[in-house]
Amino acid sequence: MSIAPDLSDWFRANARDLPWRRPGFTAWGTLVSEFMLQQTPVARVIPRLAEWLERWPSPSALAAAPPGDAVRAWASLGYPRRALNLHACAVAIAELHGGVVPEDVDQLLALPGVGPYTARAVAVFAYGHRHPVVDTNVRRVLARAVDGLGEPAPPSTRRDLAAMDALLPVTLTDARVFNAAAMELGAIVCTARAPKCDECPIRDACAWRAEGYPVYLGARKPVQKRFEGSDRQVRGLILAELRAVDVPVPASELTAVWADGTQRSRAIAGLLSDGLAVRTDAGYALPGH
DNA sequence: AACGCGTGGTG
DNA sequence: TCACCAAGCGT
C-alpha cells in the first residue's frame with residue numbers, strides 16, 4: 001500500500017502539458033504563474049501568463065513599469081491586489097536580490113503576497129529544492145487517502161506541511177515529482193466534487209475508499225458570501241472603470257456604476273487604502289510611479 | 001482563527 | 001438555475 005511511488009508513476013505518464021512545466025521555463029515565470037494561480041483556475045491563467053511574460057520577461061522589467069500597468073494587465077483574473085503584490089515583488093527582487101528570484105524559502109516568504117504555498121512552490125518547482133508543497137488539492141488528497149475523510153479539516157500550515165513532509169520521497173527529483181503529482185491528482189482525479197475514484201492510481205491505498213467513502217457530516221459554512229450586492233462586486237465594478245480608461249475618472253462618473261453612496265464610498269476607500277487606486281485633482285485613477 | 005478579497009465556469 | 005468552486009494571502 002504505497003502512495004508516493006504509484007502517484008509519481010501516474011504523474012510521469014499523465015501530467016498535463018502546462019506552460020510552467022515546459023523545459024526552460026524561468027523562475028520568474030514560475031513566480032508569476034503561482035501568483036496568477038492563487039484562487040484562479042488554470043484555464044483562465046494560461047493566456048494572461050503568456051501576455052505578461054512577453055511584456056515583462058524579468059522582475060526588473062516589471063519593476064520599471066508603473067503599478068497601475070500591472071493592475072490593468074491583470075485584467076479579469078480577480079483579486080487584483082495580487083497584481084499589486086506581484087509588482088511589489090518585482091521591485092523588491094530588483095532592489096534586494098539583484099534582479100534574480102530568490103530560491104530560499106525564507107527570502108521568498110519575505111516578499112509581498114508570497115505565503116507558505118507560493119514560497120515552497122517556487123523553491124521546489126523553479127529551483128528543485130526539497131520541501132513539502134501544500135495547496136488546496138494536496139490537502140484534499142491527504143485528507144482522503146491518508147485520513148479517510150471526504151474533505152480536509154480547516155487548513156493549518158504547520159500540520160499540513162508536516163503531513164506532506166511525512167510522505168515526501170528522499171531524493172530531490174522524486175520529492176519534486178511527488179509534490180507535483182499530489183497537486184495534479186487533486187486537480188483532475190481527486191476533485192472536490194465527483195472525484196474519479198475508478199481512475200485513481202492510488203485507490204488501493206486510499207483510506208477514504210477503504211472505509212466506504214464516508215460523507216462529511218458536520219455543519220458547513222457557506223464557501224463564500226453572496227457576491228451580488230457585495231462590496232467585492234462594487235470594488236470590482238469601480239476598478240473596471242478605472243482600468244478601462246487612461247485618464248482620471250471624476251467621482252461624479254462613479255455614481256453611475258453603483259448608486260448607493262454609502263457602499264460606493266466604502267468601496268472607494270478600500271481601493272485607496274489597498275493602493276489599487278489613487279485620488280487626483282481630476283478624479284480617481286490606477287496608481288502611477 | 002476567521003474573514004475579506006474578484007471573476008467566471010459549471011453540475 | 002444558482003450554489004459551489006478555483007495552484008492563497010494578509011490581517
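Every chain is numbered from 1, with letters handed out A, B, ... down the list of sequences. For the numbers below, each heavy atom of this structure counts, side chains included, while hydrogens, waters and symmetry mates do not.
In this structure the side chain of L53(A) reaches within 4.5 angstrom of the side chain of F25(A), judged on heavy atoms. The side-chain heavy atoms of L49(A) and W20(A), taken from C-beta on, include a pair separated by under 4.5 Å.
S265(A) places a side-chain N or O within donor-acceptor distance of the main-chain N or O of G261(A), the cut-off being under 3.5 Å. The backbone N or O of V133(A) sits less than 3.5 Å from a side-chain atom of N179(A), completing a donor-acceptor pair.
Note on R16(A): a base of the nucleic acid sits closer than 4.0 angstrom, heavy atoms only. Nucleic acid contact for Q224(A): base, since at least one base atom lies under 4.0 Å from a heavy atom of the residue. When heavy atoms are screened at a 4.0 angstrom cut-off, T136(A) is found touching the sugar-phosphate backbone but no base atom. Among the heavy atoms of the strands lying under 4.0 Å from R235(A) are primed sugar atoms or P, OP1, OP2 only; no base atom is included. Using a 4.0 Å heavy-atom criterion, one finds that L271(A) contacts no nucleic acid atom at all. Nucleic acid contact for F35(A): none, since no nucleic acid atom lies under 4.0 Å from a heavy atom of the residue. At a threshold of 4.0 angstrom between heavy atoms, the contacts of R139(A) with the nucleic acid are absent. Counting non-hydrogen atoms under 4.0 angstrom, W74(A) reaches nothing in the nucleic acid. Counting non-hydrogen atoms under 4.0 angstrom, P155(A) reaches nothing in the nucleic acid. When heavy atoms are screened at a 4.0 angstrom cut-off, P112(A) is found touching the sugar-phosphate backbone but no base atom. Across all strands shown, G78(A) has heavy atoms under 4.0 Å from base atoms, whether or not it also approaches the sugar-phosphate. Among the protein residues, V45(A) comes within range of no part of the nucleic acid, since none of its heavy atoms lies under 4.0 Å from any strand. In this structure, T191(A) reaches neither bases nor backbone, as no heavy-atom distance under 4.0 Å exists between it and the strands shown. Base engagement by L77(A) is indicated by at least one non-hydrogen atom pair under 4.0 Å involving a base atom.
Q233(A) has its CD atom 16 Å from the P atom of dG4(B), to the nearest Å. For M183(A) and dA6(C), the CE to C1' distance is 12 Å, given to the nearest whole Å. For the pair L111(A) CG and dG8(C) P, the computed distance is 18 Å after rounding to whole Å. The distance from atom CG of N85(A) to atom P of dC9(C) is 11 Å, rounded to the nearest whole Å. The interatomic distance linking R266(A) (CZ) with dG4(B) (C1') rounds to 12 Å, in whole Å. Taking atom CZ of R82(A) as the reference point, atom P of dG10(C) lies 13 Å away to the nearest angstrom. Atoms NZ (K225(A)) and C1' (dA2(B)) sit 12 Å apart, rounded to a whole Å. Here the C1' atom of nucleotide dG8(B) and the CZ atom of R232(A) are 13 Å apart, to the nearest Å.
Judged by closest nucleotide on DNA chain B, L237(A) is the one of L237(A) and A194(A) placed further toward the 5' end. Between P41(A) and R81(A), the one whose closest nucleotide on DNA chain C sits nearer the 5' end is P41(A).
Under 3.5 Å, the side chain of R193(A) and the base of dG11(B) form no donor-acceptor pair of N or O atoms. Residue side chain S76(A) does not reach the base of dG6(B) through any donor-acceptor N/O pair under 3.5 Å, judged by distance alone.
The local environment of CZ in R55(A) is crowded, with over 12 non-hydrogen atoms from other residues, nucleotides or ligands closer than 6.0 Å.
Of the candidate nucleotides dG8(C), dG6(B), dC5(B), dG8(C) has the atom nearest to the side chain of Q38(A). In this structure, the nucleotide among dA7(C), dC5(C), dT7(B) sitting nearest to the side chain of A192(A) is dC5(C). Listed nucleotides dA7(C), dG8(C), dC5(C) differ in distance to V223(A); the shortest reach to its side chain belongs to dC5(C).
In this structure, T40(A) does not reach the dG6(B) phosphate: none of its side-chain N or O atoms is under 4.0 Å from OP1 or OP2.
A distance of about 23 Å separates the P atoms of dG8(B) and dC9(C), rounded to the whole Å. Atom name P, nucleotides dA7(C) and dC3(B): the rounded distance is 22 Å, in whole Å.
Checking S230(A) against R235(A) by side-chain atom types alone, no donor-acceptor pair falls below 3.5 Å. In this structure, a donor-acceptor pair under 3.5 Å is absent between the side chains of T157(A) and D160(A).
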